[in-house]
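Structure, as structure tokens:
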Amino acid sequence: EKNIFDYLISFIFFIIVNFLIFKNLSKNEINLKKITLFLILSLSIFNISSDYFLDMRHKNLNKIIEKNKTSELDQNKTRNVIIFLDGLVGPGGIDDEIDKNIGAKKSILNLYKKHNFKLYTNAYSKYNETTYSMPAILNFDLLQKNKYKYVKSSILDNKSTNFIYRNKFLNDREKKIFATKNRIFNFCNKNVSECYSLNHNYPSKKKYISRFESLIKDLRNEHAILYQYLWRTLVLLEFKREFLFVTEKVFFEKDLDDLERLISNTYFDTYLTFYMYPHSPFIIEKRGSSCLFKKLDKNPFRNEVSRKELLKKHYQEIYCGNLIIDKFLDRLKKNNNFDNLNILILSDTGMKIGKDDLNNNDINRLAKYDKKFLNDAHKVLFAIKNGKTSYNIDENLISSQELFSKYYNKNHFKVAADNPATVLDIYKQVFVEFK
């Protein structure tokens, strides 16, 4: 309802332009037919070829596995697996009072103890926005304020809205790299040996929407004006929409199944992945010790009564996600030499502080750098296993940007111990102290 005026204006523009075109071309019917046919063929060829080269050719996981099968010589080589999760509050940011009947923090500790990870319980991100945090991590940049130094939006590839075109981490890799792309981040560049576009288009069964409704969403993503009108009309007629973050979350378990199959059957020096879990809306709930998908509201992004209620749902999804990650790690153990896998699982940010949170909480505005809100937004997960390492907890307050550099940057320089921890206030574009 808020942007229907934009559709009306664009529709009027569409009618006027078409009227003028046909008025001029109708004077010569033969030329009209030729020009129309030429335009239809040109646009069709362009759309089909661009979709194939930018996205569809990267969706065949079986082909990637067949092409890069492991050999006997590869079996004992060390491999790096890096999994980014989207917007997950780390153990140091979890409120014990809110979590007491959920057990999110306990599930994190138990999960990484079981699989012998080193867990940085007070790791934090200097940034509470993905488009700031991810480029800073992958470029070993601890003081990056301007996200546009590294990220640009894709014009042609609407399945990957953010492309990190500067990536020092990938530049430092000298061996085979596997990377993923989805409708938020595209890690693929000339340094990547194989690129996989997370395939959520042709599942045997989709939750919440039908194949037809999914098709309409894909047509809308093509940005053709007629498809926009079609989609908008169907929405007004109570047509069920496919929400990006819902779809990505529904297939989180499938994506980790695919990653395990890939790791267990191929050789790459590095597997670099990004999954939009547990980004809102929160549609998974804990029932006892198990989890289930809830009935989807018409608008799953509706605001909660309070941030406390939002965090309750977020903690439940952390718990449920840990069950999925546990199964993934169990399969890796069963099908691989686990000691030869270096695995890092981290989140880009914590729970973002939205403008609604600030407007509804006059006492604890971000401008006053309220400690609780900063913990929610900046404390992140950082769990790493290097070969045969045993379970260990590090409680030091240290940024995920520095930790990533410590493990993967050949030219890493440790930040001085007396250097205060800082985080970026993205509204004011200044760093403030974080304790």
Side-chain angles (χ1 to χ4, degrees), residues 79-94 104-105 107-109 111-113 115-142 144 164 167-170 173 179-180 182 184-185 187 248 252 255-256 259 263 270-279 314 317-318 321-322 324-326 328-329 332 341-352 375-386 389 391-409 412 421 423 434:
R79 292 178 289 165
N80 301 293
V81 179
I82 300 171
I83 299 173
F84 282 97
L85 301 177
D86 193 9
L88 187 151
V89 176
I94 292 178
K105 183 187 289 188
S107 74
I108 292 174
L109 299 177
L111 171 66
Y112 295 108
K113 181 178 181 180
H115 298 287
N116 289 320
F117 278 68
K118 181 173 184 178
L119 184 61
Y120 289 86
T121 53
N122 278 310
Y124 72 96
S125 171
K126 287 180 172 289
Y127 315 93
N128 67 3
E129 283 274 10
T130 301
T131 49
Y132 285 86
S133 174
M134 294 293 295
I137 287 175
L138 292 170
N139 285 282
F140 313 121
D141 186 348
L142 304 185
Q144 182 250 135
I164 302 179
N167 194 325
K168 288 184 180 180
F169 169 72
L170 289 183
R173 307 289 101 184
T180 61
N182 58 23
I184 290 295
F185 262 110
F187 286 144
E248 298 287 321
F252 178 56
D255 289 336
L256 285 186
L259 179 60
I263 295 169
T270 300
Y271 301 80
L272 178 62
T273 65
F274 179 87
Y275 302 116
M276 287 188 282
Y277 186 96
H279 192 289
H314 182 58
E317 293 217 353
I318 292 175
N322 287 338
I324 296 171
I325 295 170
D326 184 36
F328 163 73
L329 293 174
L332 282 182
L341 294 179
N342 297 329
I343 304 173
L344 170 62
I345 302 176
L346 72 162
S347 55
D348 57 346
T349 67
M351 171 71 76
K352 181 181 175 181
N375 258 342
D376 294 343
H378 291 276
K379 288 289 180 74
V380 295
L381 173 69
F382 197 100
I384 189 163
K385 183 193 82 71
N386 273 337
T389 54
Y391 177 63
N392 185 22
I393 286 182
D394 188 320
E395 296 181 341
N396 289 314
L397 184 65
I398 183 169
S399 74
S400 56
Q401 284 74 26
E402 184 183 348
L403 284 171
F404 192 85
S405 178
K406 170 186 173 182
Y407 286 105
Y408 295 103
N409 186 3
H412 169 68
V423 295
F434 181 60

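By convention here, the first residue in the shown sequence is residue 1.
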Testing the basics here: between I94 and V89, what is the closest heavy-atom pair and its distance to 0.1 Å? N-CG1, 3.9 Å
Any side-chain heavy atom of H115 within less than 4.5 Å of one from F328? no
Report yes if some heavy atom in the side chain of D255 is under 4.5 Å from a heavy atom in the side chain of T273; otherwise report no. no
Taking every non-hydrogen atom, the tightest pair across G321 and Y277: N-OH, 3.1 Å
Within a strict 4.5 Å, meaning less than it, do heavy atoms of the Y275 and L259 side chains meet? yes
Where do F404 and H412 land on the side-chain contact (heavy atoms from CB on, under 4.5 Å) test, with the steps shown first? CA-CA 10 Å; F404 192 85; H412 169 68; over 6 Å; no
Show your working on side-chain contact (heavy atoms from CB on, under 4.5 Å) between I318 and K105 and close with a plain yes or no. CA-CA 9 Å; I318 292 175; K105 183 187 289 188; over 6 Å; no
I need the minimum non-hydrogen distance between H314 and P278, along with the two atoms involved. CE1-CG, 3.6 Å
Does the side chain of L344 come within less than 4.5 Å of F382's, by heavy atoms? yes
Between T121 and I108, is there a side-chain heavy-atom distance shorter than 4.5 Å? no
Do other residues, nucleotides or ligands put more than 12 heavy atoms under 6.0 Å from K118 NZ? yes
In short, S405 meets F140 closest at the heavy-atom pair CA-CD2, 3.7 Å
Could you check, using the six-membered ring where one of them is a Trp, whether F84 and F185 have ring centers closer than 6.0 angstrom? no
dist F274:CZ -> L85:CG (nearest 0.5 Å) comes out at 8.5 Å
The side-chain contact (heavy atoms from CB on, under 4.5 Å) partners of T349 (sequence neighbours excluded) come to S133
Can you tell me how far CG of L397 sits from NE2 of H378, rounded to the nearest 0.5 angstrom? 11.5 Å
Euclidean distance, Y391 OH relative to Y112 OH, rounded to 0.5 Å: 11.0 Å
For N116, all residues meeting side chain to side chain donor-acceptor pair (under 3.5 Å), sequence neighbours excluded: none
K406: side chain to side chain donor-acceptor pair (under 3.5 Å) partners, not counting sequence neighbours: Y120
S125 and Q401 have their tightest heavy-atom pair at OG-NE2, 3.3 Å
Taking N386 for the side chain and N342 for the main chain, is one N or O donor matched with an acceptor at less than 3.5 Å? no
If you compare all heavy atoms of E395 against all heavy atoms of N122, which two are closest, and at what distance to 0.1 Å? O-ND2, 2.8 Å
Find out whether L119 and K113 are in side-chain contact, i.e. whether some heavy atom of one side chain is under 4.5 Å from a heavy atom of the other. no
Only residue of L138, I82, L403, T270 satisfying side-chain contact (heavy atoms from CB on, under 4.5 Å) with Y408 is I82
Any donor-acceptor pair under 3.5 Å from K385 side chain to L341 backbone: yes
side-chain contact (heavy atoms from CB on, under 4.5 Å) partners for N396, two or more places apart: D394
Give, for atom CG of L88 and atom CE of M351, the distance between the pair rounded to the nearest 0.5 Å. 9.0 Å
When rounded to the nearest 0.5 angstrom, what is the spacing between CD1 in I184 and CG in D348? 10.5 Å
Could I get the full list of side chain to side chain donor-acceptor pair (under 3.5 Å) partners for S107, not counting sequence neighbours? N322
Quick one: CE on M276 to CG on N182, what's the gap to the nearest 0.5 Å? 4.0 Å
Run the salt bridge (Lys or Arg N to Asp or Glu O under 4.0 Å) test against E402 and tell me which residues pass, sequence neighbours left out. none
Give a yes or no on whether the backbone of L381 and the side-chain of S347 come within a donor-acceptor separation of less than 3.5 Å. yes
4.5 Å side-chain heavy-atom contact, D141 and P135: no
I want to check something: taking the side chain as every heavy atom from C-beta on, are L272 and L170 in contact at a cut-off of under 4.5 Å? yes
Give the intermediate values and the outcome of side-chain contact (heavy atoms from CB on, under 4.5 Å) for residues I343 and L332. CA-CA 11 Å; I343 304 173; L332 282 182; 4.0 Å; yes
